[in-house]
Number of protein chains: 2
Amino acid sequence: MDKTLLEKFKDTLHTNGMKCTPARLLIFKEVYSSSEHFDADEIYFRMRREKKAVSRATVYRTLDLLVENGFVSRVNVGASQVHFENTLAQEHHEHLVCTQCGKIIEFSDKVIEKQQNLICEEHDFFPTKHNLIIFGLCDKCRKRNN
Amino acid sequence: MDKTLLEKFKDTLHTNGMKCTPARLLIFKEVYSSSEHFDADEIYFRMRREKKAVSRATVYRTLDLLVENGFVSRVNVGASQVHFENTLAQEHHEHLVCTQCGKIIEFSDKVIEKQQNLICEEHDFFPTKHNLIIFGLCDKCRKRNN
DNA sequence: GTATATGCAAAGTATTTGCATTAGG
DNA sequence: CCTAATGCAAATACTTTGCATATAC
């Protein structure tokens with residue numbers, strides 16, 4: 001992994017008065033050891049296999065720290081439960097989801113709809129109904145974060 | 001709720017040799033009593049409040065049944081854990097996610113990117129990095145389903 | 001009557017938290 | 001030193017499952 005990235009991480013730790021611990025550095029390196037998607041337990045087991053064991057709790061806590069400081073993104077929504085909606089009573093639409101508070105806004109857009117079909121076709125993907133989500137921050141959460 | 005929808009549900013039950021039980025009908029009506037998003041426990045508690053109690057297990061089982069038969073969609077991905085990816089080593093991109101096997105394909109698209117920004121602006125939403133997901137079925141899963 | 005559906009409680013999975021101990025600055 | 005970070009185990013949140021009982025067909 002890129003040397004400067006590690007330095008950038010160390011800087012962030014210093015600047016925010018957080019301690020530069022072996023566990024944090026190891027987790028950071030593990031996260032940046034490939035560009036694949038991963039989940040918390042994957043990191044935990046990978047490190048354990050490589051005899052660089054840290055506790056599960058520390059993995060979870062450090063990943064949160066990395067997300068808060070922009071080194072890692074959450075690929076799916078904050079809401080931990082599965083959300084449903086009834087299908088047949090509704091028009092086709094897409095969703096905006098606030099990753100912080102879970103707020104959902106529905107919208108329809110012809111351009112997105114068309115382009116979405118093109119992209120799916122190109123990648124041998126078959127879109128289902130209600131199938132596109134844009135994650136972001138809603139107005140309120142963004143203001144709260146100032 | 002629409003009378004024909006309930007009939008359609010009953011038909012589906014018959015056609016697939018599933019029993020038309022009070023619990024299933026009540027859950028179906030509850031699901032179609034509004035067009036809002038919901039999660040399993042919400043249905044469970046709403047019904048309990050309305051003295052139409054069914055067990056949690058039945059709510060979960062019936063929601064699965066409704067999803068399989070197209071009466072309900074899962075709004076977020078099948079994967080139960082939170083997925084992450086490192087941010088700084090990568091170009092901006094979007095994701096295709098297979099709701100059946102969890103496969104993730106990354107893509108970039110200028111049209112989607114631009115339109116996404118327009119839509120976010122319109123709804124006072126602030127897109128974050130790696131923020132759009134199109135859910136669907138990958139080639140393999142679609143073929144497996146025949 | 002018989003197979004399927006239900007309810008309950010227990011198990012499972014992913015994640016978070018409290019607290020005593022350790023260690024970075 | 002002193003505060004923040006760690007590890008552990010227990011707690012939590014959501015969901016699934018095994019099994020005995022009930023019920024639709």
Side-chain angles (χ1 to χ4, degrees), chain A residues 6 9-31 37-48 51-69 72 74-84 99-102, chain B residues 6 9-31 37-48 51-69 72 74-84 99 102:
Chain A
L6 188 57
F9 178 49
K10 286 182 184 171
D11 277 359
T12 304
L13 290 175
H14 280 136
T15 311
N16 296 57
M18 295 180 293
K19 289 178 180 170
C20 182
T21 66
R24 284 177 176 164
L25 296 181
L26 287 173
I27 293 168
F28 186 83
K29 285 178 197 158
E30 192 61 49
V31 162
H37 292 253
F38 57 87
D39 58 57
D41 258 30
E42 222 167 295
I43 294 290
Y44 173 69
F45 284 113
R46 263 158 57 181
M47 293 184 69
R48 162 165 277 241
K51 306 284 178 216
K52 295 171 183 168
V54 290
S55 74
R56 259 209 185 75
T58 299
V59 170
Y60 278 96
R61 285 189 278 231
T62 303
L63 284 176
D64 284 348
L65 184 163
L66 292 175
V67 169
E68 277 158 29
N69 291 281
V72 162
R74 264 177 229 279
V75 175
N76 51 4
V77 65
S80 57
Q81 325 100 295
V82 176
H83 273 249
F84 300 96
T99 51
Q100 201 158 104
C101 70
Chain B
L6 188 57
F9 178 51
K10 285 181 183 171
D11 277 359
T12 304
L13 290 174
H14 280 135
T15 310
N16 297 57
M18 294 180 293
K19 289 178 182 170
C20 181
T21 65
R24 284 177 176 166
L25 297 181
L26 286 174
I27 293 168
F28 186 82
K29 284 178 198 159
E30 193 62 49
V31 163
H37 290 254
F38 56 89
D39 58 56
D41 258 30
E42 220 167 297
I43 293 290
Y44 172 69
F45 283 113
R46 261 156 59 180
M47 294 183 69
R48 162 167 275 242
K51 306 283 177 218
K52 294 170 184 169
V54 289
S55 75
R56 260 208 182 77
T58 299
V59 170
Y60 278 96
R61 285 190 278 233
T62 303
L63 285 176
D64 283 347
L65 185 162
L66 292 175
V67 170
E68 277 158 30
N69 290 282
V72 163
R74 262 179 231 279
V75 175
N76 52 0
V77 65
S80 55
Q81 325 99 296
V82 176
H83 273 250
F84 300 94
T99 51

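Letters A, B, ... are given to chains in the order of the sequence lines, protein chains preceding strands, and every chain is numbered from 1. Fair warning: this is a prediction, and the values are worked out from it, not measured in the lab.
By the side-chain contact (heavy atoms from CB on, under 4.5 Å) test, B/Lys10 pairs with B/Leu6, B/Glu7, B/Cys20, B/Leu25, sequence neighbours left out. Looking at residues two or more places apart in sequence or on another chain, you find a side-chain contact (heavy atoms from CB on, under 4.5 Å) between A/Arg48 and A/Tyr44, A/Phe45. Under the ring-ring contact (aromatic ring centres under 6.0 Å, His included) criterion, A/Phe9 pairs with A/Phe28, A/Phe71, sequence neighbours left out.
Looking at B/Val67, B/Leu63, B/Asn69 one by one, the single match for side chain to side chain contact (heavy atoms under 4.5 Å, CB included) with B/Leu65 turns out to be B/Asn69.
Proximity of residues 53-62 of chain A to DNA chain D (heavy atom under 4.0 angstrom from any strand atom) is restricted to A/Val54, A/Ser55, A/Ala57, A/Thr58, A/Arg61. Across residues 11-20 of chain A, A/Lys19, A/Cys20 each have a non-hydrogen atom less than 4.0 Å from an atom of DNA chain C (numbered order).
In this entry the distance linking CG of B/Leu26 with P of C/dG7 reads 10 Å, nearest Å. For A/Phe38 and C/dA14, the CZ to C1' distance is 16 Å, given to the nearest whole Å. Note: CZ (B/Arg24) to C1' (C/dT4) measures 8 Å, nearest angstrom. Separating the OH atom of A/Tyr44 from the P atom of C/dT13 is a distance of 15 Å, rounded to the nearest angstrom. The CD1 atom of B/Ile27 sits 8 Å away from the P atom of C/dG7 (whole-angstrom rounding). What separates NZ of A/Lys10 from C1' of C/dG25 is a distance of 15 Å, to the nearest Å. The distance between atom CG of A/Leu65 and atom C1' of C/dT16, rounded to the nearest whole Å, is 16 Å. In this structure, A/Arg48 places its CZ atom 11 Å from P of D/dG7, rounding to the nearest Å.
Scanning both residues, B/Ala40 and B/Val59, for their nearest heavy atoms gives O-CG1, 3.5 Å.
Using a 4.5 Å heavy-atom cutoff, the side chains of A/Arg56 and A/Asp41 are in contact.
Here the CZ atom belonging to A/Arg61 is positioned 10.0 Å from the CD1 atom belonging to A/Ile27, to the nearest 0.5 angstrom. In this structure, B/Ile43 CD1 and B/Thr58 OG1 are separated by 13.5 Å, a value rounded to the nearest 0.5 Å. Between the CG atom in A/Leu26 and the CE atom in A/Met47 there is a gap of 4.5 Å [rounded to 0.5 Å].
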Test salt bridge (charged side-chain N to carboxylate O under 4.0 Å, His left out) on A/Arg46 and A/Glu30; report intermediate values, then the result. CA-CA 8 Å; A/Arg46 263 158 57 181; A/Glu30 192 61 49; 2.9 Å; yes
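Without hydrogens or angle criteria, A/Asn16 side chain to A/Met18 main chain gives no donor-acceptor distance under 3.5 Å.
Neither OP1 nor OP2 of C/dT4 sits under 4.0 Å from any side-chain N or O of B/Thr21.
The bend of the helix from C/dG1-D/dC25 to C/dG25-D/dC1, defined by the angle between the axes of its first five and last five pairs, stands at 30° to the nearest 10°.
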